[in-house]
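Below, each value reflects all heavy atoms present in this structure, side chains not excepted, and no hydrogens, waters or symmetry copies.
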Amino acid sequence: MKAKKISLPLSGAVVKKLKSGDRVLISGELFTARDAVHQKFHKLLTAGGKLPIDLKGQTLFYAGPAPSPRGKVIGSIGPTTSGRMDVYTPLLLAKAGLKAMIGKGRRSPEVIKAIKKHQAVYFAATGGAAALLAQTVVRAETVLFSELGPEAVLKLTVKDLPAVVAVDCRGRDFYEEGPKKFRKTKN
C-alpha cells in the first residue's frame with residue numbers, strides 16, 4: 001500500500017479520509033510536547049486559563065529530541081509512549097482544539113472516545129528509529145518552556161515524516177484491527 005502524503009495543519013476533510021492502518025507521510029509544522037508540558041497545559045486549562053500557544057487544529061508529536069549535532073537541524077527524535085499523555089489528552093482535544101497526535105503505542109478507551117467525538121486522529125510513528133525520523137525535520141525552534149530541556153515545546157517543520165493512522169476519527173484502533181486482519185489472512 002502506497003503512503004498518503006498529508007499536509008499540516010490537517011483539515012477536517014483530510015481527517016475524515018484517513019482510515020485506521022493507512023500509511024502516511026506527514027509534512028508541515030507541528031509541536032513537540034511530552035509529559036511535563038502536558039501537565040502544565042492541563043493545569044492551565046483546568047484552572048480556566050489559556051494556553052501560551054494556540055493548539056487549535058494543531059498536531060503534537062510526543063517526542064523530545066537529543067541535542068543537535070554540529071551542522072544538523074536536530075538530534076535524534078523518536079516517539080515516546082503515548083499512554084503517558086492519556087490522562088491529559090481528552091481535555092486538550094476538547095478545550096484546546098488539538099487535531100492530531102503522533103506517538104507510539106496504544107491509547108486508552110477514553111482517548112479513543114475523545115478522538116472520535118472531536119474528529120481528531122492519532123498517528124503512530126516507528127519507535128527505535130529516532131535517527132531516521134530526525135532526517136525528516138527541516139527546521140526546529142524552541143517556542144515554550146526552554147527550562148525543560150529536551151521536554152521543551154519545539155515547533156518543527158517536517159517533510160514526509162512516516163507514520164501509520166493508529167486511531168481514526170471513527171474511533172477505529174489499528175492496534176485492535178491489525179492483529180485481527182493478520183489472523184484472517186493466515187487462515
So Leu154 and Ile74, do their side chains get closer than 4.5 Å, heavy atoms only? yes
Which residues satisfy the salt bridge (charged side-chain N to carboxylate O under 4.0 Å, His left out) test with Arg23, sequence neighbours excluded? none
Please, which pairs that meet side-chain hydrogen bond (donor to acceptor under 3.5 Å, both in side chains) have at least one residue in residues 123-137, sequence neighbours excluded? none
Listed by chain and number, what are the side chain to side chain contact (heavy atoms under 4.5 Å, CB included) partners of Leu44, not counting sequence neighbours? Leu51, Pro52
State yes or no: do Leu91 and Met101 share one hydrophobic cluster built from I, L, V, M, F, W and Y residues joined by side-chain heavy-atom distances below 4.5 Å, directly or via other members? yes
For Ala124, side chain to side chain contact (heavy atoms under 4.5 Å, CB included) partners two or more places apart: Ala166, Tyr175
Only counting residues at least two apart or in another chain, list the ones meeting salt bridge (charged side-chain N to carboxylate O under 4.0 Å, His left out) with Lys40. Glu147
For residues Phe174 and Leu161: do they belong to one hydrophobic cluster (side chain heavy atoms under 4.5 Å, members Ile, Leu, Val, Met, Phe, Trp, Tyr)? no
Give a yes or no on whether the backbone of Cys169 and the side-chain of Gln119 come within a donor-acceptor separation of less than 3.5 Å. yes
Let me see the working for Leu45 and Leu92 under side-chain contact (heavy atoms from CB on, under 4.5 Å), right down to the final yes or no. CA-CA 8 Å; Leu45 289 174; Leu92 289 175; 3.7 Å; yes
Do Asp168 and Arg170 meet the salt-bridge criterion of a basic N to acidic O distance under 4.0 Å? yes
Any Ser76 side-chain heavy atom under 4.5 Å of Leu133 side chain: no
Gap between atom CD of Glu141 and atom CG of Leu156 - 0.5 Å precision: 10.0 Å
Sequence-distant partners of Glu176, salt bridge (charged side-chain N to carboxylate O under 4.0 Å, His left out), two or more places apart: Arg106
Between Val143 and Phe145, is there shared hydrophobic-cluster membership here, with clusters defined by ILVMFWY side-chain heavy atoms closer than 4.5 Å? yes
Could you check whether any side-chain heavy atom of Leu8 comes within less than 4.5 Å of a side-chain heavy atom of Lys99, counting everything from C-beta outward? no
Could you tell me which non-hydrogen atom of Tyr122 sits nearest to which non-hydrogen atom of Ile102, and how far apart they are? CE1-C, 4.4 Å
Give me each pair satisfying side-chain hydrogen bond (donor to acceptor under 3.5 Å, both in side chains) with a member in residues 5-20, each pair once, sequence neighbours excluded. Lys5-Asp160, Ser20-Glu177
Counting C-beta onward and ignoring hydrogens, is there a side-chain heavy-atom pair between Leu144 and Val37 closer than 4.5 Å? no
dist Asp35:CG -> Thr81:OG1 (nearest 0.5 Å) comes out at 9.0 Å
According to a 4.5 Å side-chain heavy-atom criterion applied to Ile, Leu, Val, Met, Phe, Trp and Tyr, with indirect links allowed, do Val153 and Val137 form part of one hydrophobic cluster? no
All salt bridge (charged side-chain N to carboxylate O under 4.0 Å, His left out) counterparts of Arg34, not counting sequence neighbours: none
Backbone N or O of Val111 within a donor-acceptor pair of the Ser108 side chain at under 3.5 Å? yes
I need the full list of ring-ring contact (aromatic ring centres under 6.0 Å, His included) pairs touching residues 10-35, with sequence neighbours left out, sorted by first then second residue. none
By side chain to side chain contact (heavy atoms under 4.5 Å, CB included), Ala94 pairs with (sequence neighbours left out) His118
Check residues 57-67 and write down every donor-acceptor pair under 3.5 Å in which the side-chain atom is one partner and the other belongs to a residue at least two apart or another chain.
from	atom 1	to	atom 2	distance (Å)
Tyr62	OH	Arg107	NH1	3.4
Tyr62	OH	Arg107	NH2	3.3

Which heavy-atom pair separates Pro69 from Gly75 by the least distance, and what is that distance? CD-CA, 3.7 Å
Find out whether Val167 and Arg172 are in side-chain contact, i.e. whether some heavy atom of one side chain is under 4.5 Å from a heavy atom of the other. no
Side-chain heavy atoms of Leu93 within contact of Ile115, under 4.5 Å: yes
CD1 of Ile77 to CG of Leu132, rounded to nearest 0.5 Å, is 13.5 Å
Could you work out, with ring pair (Phe, Tyr, Trp, His ring centres under 6.0 Å) as the rule, every residue matching Tyr88, not counting sequence neighbours? His42
Return the minimal non-hydrogen interatomic distance between Ser82 and Gly103, and the atom names on each side. OG-CA, 3.2 Å
Val165 and Leu25: same hydrophobic cluster, using ILVMFWY side-chain contacts below 4.5 Å? no
Decide yes or no for Phe123 and Val164: does some side-chain heavy atom of the first lie under 4.5 Å from some side-chain heavy atom of the second? no
